[in-house]
Chemist: 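Got a structure here, written out as structure tokens. Questions coming.
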Protein chains: 2
Amino acid sequence: MLDQRIKFRHLTCFLEVARQRSVVKAADTLSITQPAVSKTIRELEEHLDARLFDRSKRGVTLTDFGKVFLRYAGASVTALRQGVDSISQVRMQGGLSINLGVLPTVAASVMPNAIRHFKTLSPDTTVKVVAGPNVMLMGQLRVGELDLVVGRLAEPDQMSGLSFIHLYSEHISLVARPGHPLLADKNPDITRIREFTVLVPPKHAIIHPTVDKMLIAHGIGALPDRIETVSTSFGRAFTRETDAIWIISNGAVASDIAEGHLVELPIDTSDTFGPVGLTTRIDSPISPPVEMLINAVREEASRHHSEQAATKT
Amino acid sequence: MLDQRIKFRHLTCFLEVARQRSVVKAADTLSITQPAVSKTIRELEEHLDARLFDRSKRGVTLTDFGKVFLRYAGASVTALRQGVDSISQVRMQGGLSINLGVLPTVAASVMPNAIRHFKTLSPDTTVKVVAGPNVMLMGQLRVGELDLVVGRLAEPDQMSGLSFIHLYSEHISLVARPGHPLLADKNPDITRIREFTVLVPPKHAIIHPTVDKMLIAHGIGALPDRIETVSTSFGRAFTRETDAIWIISNGAVASDIAEGHLVELPIDTSDTFGPVGLTTRIDSPISPPVEMLINAVREEASRHHSEQAATKT
DNA sequence: ATTTTGCATAACTATATAATTATGAATCAG
DNA sequence: CTGATTCATAATTATATAGTTATGCAAAAT
């Protein structure tokens with residue numbers, strides 16, 4: 001049971017003494033007298049029923065208890081500080097805001113529902129959705145301009161300092177309009193895609209290297225007639241109106257396929273399986289609102305995923 | 001600035017009222033009178049200089065400020081609770097303990113130093129190091145028997161509910177004893193490894209599928225003479241004493257290669273690059289001791305990595 | 001139209017608090 | 001040995017606290 005008599009005064013005092021390893025110095029920076037600090041520490045020790053410092057005549061040192069408690073005390077004080085800060089943020093800006101980076105894979109499939117659900121839970125939090133090349137988004141995430149990026153796991157060299165939470169895995173698809181010449185044959189020769197315009201992810205896209213490997217594995221070398229694009233809206237329109245083949249992460253076109261607007265080419269893309277998830281900064285602990293959004297996305301992803309699995313059977 | 005007059009009494013009272021949406025009910029469960037609760041909430045509001053509840057005649061509802069503050073207040077109280085709990089845990093067990101799963105890649109390279117460093121920071125925390133097949137470790141992690149697993153990123157289907165923190169990337173190596181017949185030629189025909197006993201990771205190993213793909217890519221089909229093993233100590237001994245080829249993640253044999261006990265075969269394994277990092281549970285927030293260990297591992301990994309890079313040049 | 005419900009306010013009180021000053025004891029640096 | 005440093009303890013005090021009971025008031029429910 002938590003002792004209600006513990007006050008933040010005790011914790012801040014404890015933290016200061018621990019930091020300075022000195023009662024006198026702590027008293028100085030806290031602008032109170034030395035006996036006051038001594039007493040406050042003693043009170044805290046009594047409330048916790050554990051000795052926090054070893055006292056000597058040349059300062060104080062943390063006991064084992066103290067070392068352990070230190071972290072939690074810090075976390076507790078930090079949380080309250082953040083709470084107070086958030087209130088003033090709400091007052092100033094009229095609400096909290098979350099900055100969210102979204103990669104094409106999930107922009108159309110998981111995220112709309114996830115954000116909708118989140119907004120029912122926390123309608124007063126502003127969610128800013130940013131799209132763009134993953135390198136840019138990861139950069140912004142690392143700098144703190146974004147709180148969260150959702151999409152495929154980025155290349156390892158971009159992931160330093162970032163943490164990844166797995167949601168599900170998806171493969172890359174080759175899609176074309178319904179009635180596409182290649183689909184006439186039940187088991188078409190895949191190398192024939194060279195005969196058509198092919199829309200491929202550009203150099204900086206996360207899936208670019210995977211796509212390259214896959215093409216090589218299928219004996220398709222450089223594509224003579226290619227368009228590089230990240231724009232799913234362009235890709236969708238172009239693919240539906242022409243005989244172009246579109247190589248794109250499955251998630252981006254799942255609904256189009258389901259609705260029959262686009263058709264997947266029968267090609268083995270099992271090598272292109274890759275993790276989709278949430279990327280956050282590893283330092284700077286996840287704030288409660290972001291955590292709520294994360295939960296909403298996870299929930300939606302698992303719902304989404306089980307639906308997909310159901311459709312497959 | 002944090003108002004030192006805020007006490008945990010205020011927070012717990014606030015949390016209870018928010019939970020129950022009622023001053024009367026909260027007063028009941030807190031075993032104090034209704035005016036006492038009213039007054040406590042008023043005090044908190046004054047200290048924060050913000051209205052937390054909208055009062056009506058059928059209960060109270062959180063204001064926008066209140067909704068935001070709620071999360072942080074909860075976090076703050078939780079942290080303190082955990083702190084108090086940890087103290088009694090230390091008292092009972094004579095110290096905190098961390099249960100750590102270690103995969104072969106890092107067992108010999110990064111972790112020894114990382115744990116040594118951690119133990120200088122926090123000598124009183126017991127670290128239990130568990131090795132084993134990754135499926136088992138991930139299972140234990142998910143159940144809570146482990147706090148942390150260090151190694152290669154597991155297959156997506158094992159990662160649900162887990163979070164991955166990237167440390168660095170490594171590839172898979174083919175190694176043999178110095179003076180191995182294959183090394184006589186400067187650019188040996190790699191398919192000739194079929195002539196020797198080959199030690200390969202077993203089916204359940206994380207790197208198994210990657211190894212398979214690589215073998216196929218190099219035109220090496222099934223290996224006639226193979227030994228499947230996870231044991232790096234067996235692998236090391238066997239490879240040094242016989243003409244066997246050992247296919248193993250680079251990290252597991254990096255020091256042996258550096259010291260000249262084993263030699264890497266000149267084969268392109270760039271396709272086998274994969275992320276190595278820390279895997280934790282996504283729910284149940286990371287406790288401060290585990291966080292310290294994570295930092296120690298990250299530090300050691302980056303030091304380790306920069307050294308490797310330096311050796312390459 | 002009452003009664004009930006739910007919260008606010010006021011007046012009061014014993015206790016706890018958060019400091020203070022003054023003093024003492026043990027160590028450490030010369 | 002001396003004086004400075006560092007922390008502990010005691011005595012003291014004004015103030016804050018954490019509750020209490022009693023009462024009021026407006027909205028809902030009956």
Side-chain angles (χ1 to χ4, degrees), chain A residues 1-63 65-67 70 73 77 80, chain B residues 1-63 65-67 70 73 77 80:
Chain A
M1 239 274 287
L2 190 135
D3 197 321
Q4 295 282 23
R5 292 169 304 176
I6 298 176
K7 311 211 181 78
F8 283 97
R9 185 176 61 84
H10 294 107
L11 298 188
T12 50
C13 184
F14 166 69
L15 291 172
E16 193 57 34
V17 174
R19 193 173 71 81
Q20 306 245 28
R21 302 177 205 294
S22 159
V23 172
V24 178
K25 283 179 195 157
D28 195 40
T29 52
L30 294 170
S31 314
I32 52 177
T33 58
Q34 169 263 311
V37 173
S38 286
K39 202 176 139 204
T40 302
I41 297 297
R42 182 152 39 84
E43 282 168 11
L44 180 59
E45 288 179 328
E46 276 163 16
H47 295 153
L48 292 172
D49 192 28
R51 199 141 225 78
L52 294 171
F53 290 105
D54 283 324
R55 282 84 160 163
S56 80
K57 292 297 156 184
R58 50 176 185 185
V60 292
T61 49
L62 284 166
T63 62
F65 295 140
K67 283 178 203 159
L70 177 63
V77 171
L80 185 68
Chain B
M1 238 272 288
L2 188 136
D3 197 321
Q4 295 282 23
R5 291 169 305 176
I6 298 176
K7 310 209 181 77
F8 283 96
R9 185 175 61 84
H10 293 108
L11 298 188
T12 48
C13 184
F14 166 69
L15 291 172
E16 194 56 35
V17 174
R19 193 173 71 80
Q20 306 246 30
R21 303 179 204 293
S22 159
V23 172
V24 177
K25 283 180 194 157
D28 196 38
T29 52
L30 294 171
S31 314
I32 51 176
T33 57
Q34 169 262 311
V37 173
S38 286
K39 203 175 134 198
T40 302
I41 296 298
R42 181 154 37 85
E43 282 168 10
L44 180 59
E45 288 179 329
E46 276 163 16
H47 295 153
L48 292 173
D49 192 29
R51 199 141 226 76
L52 295 172
F53 290 105
D54 283 324
R55 281 82 162 163
S56 81
K57 294 299 156 184
R58 50 176 183 186
V60 292
T61 50
L62 283 166
T63 62
F65 295 141
K67 283 179 204 158
L70 177 62
V77 171
L80 186 68

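All values reported here derive from a predicted model rather than from experimental measurement.
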Chemist: For side-chain contact (heavy atoms from CB on, under 4.5 Å), just list the numbers for A/V23 and A/I41, CA-CA rounded to whole Å, side-chain angles, deciding distance to a tenth of an Å, and then say yes or no.
Modeler: CA-CA 9 Å; A/V23 172; A/I41 297 297; 5.8 Å; no
Chemist: Assess the residue pair A/L48 and A/I6 against the criterion (side-chain contact (heavy atoms from CB on, under 4.5 Å)); give the C-alpha distance rounded to whole Å, side-chain angles, the decisive distance to 0.1 Å, and a yes or no.
Modeler: CA-CA 9 Å; A/L48 292 172; A/I6 298 176; 3.9 Å; yes
Chemist: Using a cut-off of strictly less than 4.0 Å between a heavy atom of the residue and any atom of DNA chain C, enumerate the qualifying residues of residues 24-40 of chain B by number.
Modeler: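 Of all residues in residues 24-40 of chain B, the ones placing a heavy atom under 4.0 Å from DNA chain C are B/V24, B/Q34, B/P35, B/S38.
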Chemist: Could you list where the contact with chain A starts and ends along DNA chain D, reading 5' to 3', using a 4.0 Å heavy-atom cut-off?
Modeler: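 With heavy atoms of chain A under 4.0 Å away, the range is D/dT6 to D/dT9.
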Chemist: In whole angstroms, how far is the C1' atom of C/dC7 from the CZ atom of B/F53?
Modeler: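 Nearest whole value for this atom pair: 13 Å.
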Chemist: Output the distance between atom OG1 (A/T63) and atom CG (A/L70), rounded to the nearest 0.5 Å.
Modeler: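 That separation rounds to 10.5 Å.
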Chemist: Quick check: closest heavy atoms across A/A36 and A/I32, and the distance to 0.1 Å?
Modeler: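 Result for this residue pair: CB-CD1, 4.0 Å.
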Chemist: Only counting residues at least two apart or in another chain, list the ones meeting salt bridge (Lys or Arg N to Asp or Glu O under 4.0 Å) with B/E45.
Modeler: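 Residues passing salt bridge (Lys or Arg N to Asp or Glu O under 4.0 Å) with B/E45: B/R51, B/R55.
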Chemist: With sequence neighbours left out, which residue pairs that include part of residues 10-43 of chain A fulfil the ring pair (Phe, Tyr, Trp, His ring centres under 6.0 Å) condition?
Modeler: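 Qualifying pairs: A/H10-A/H47, A/F14-A/F53, A/F14-A/F69.
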Chemist: Quick one: CG on B/L30 to CG on B/L15, what's the gap to the nearest 0.5 Å?
Modeler: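 Those atoms lie 10.0 Å apart.
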Chemist: Rounded to the nearest 0.5 Å, what's the gap from CG on A/L44 to SG on A/C13? Could you check?
Modeler: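 Separation between the atoms: 8.5 Å.
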Chemist: With salt bridge (Lys or Arg N to Asp or Glu O under 4.0 Å) as the rule and sequence neighbours excluded, what pairs involving residues 20-43 of chain A come up?
Modeler: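 Of all non-adjacent pairs touching residues 20-43 of chain A, those that pass salt bridge (Lys or Arg N to Asp or Glu O under 4.0 Å) are A/R9-A/E43.
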Chemist: Measuring from A/L80:CG to B/F8:CZ, what's the distance to the nearest 0.5 Å?
Modeler: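 Here the rounded value is 7.5 Å.
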Chemist: Walk along nucleotides 25-30 of chain C from 5' to 3' and tag each nucleotide B, S or - by protein heavy-atom contact under 4.0 Å, base first, then sugar-phosphate.
Modeler: BBSS--
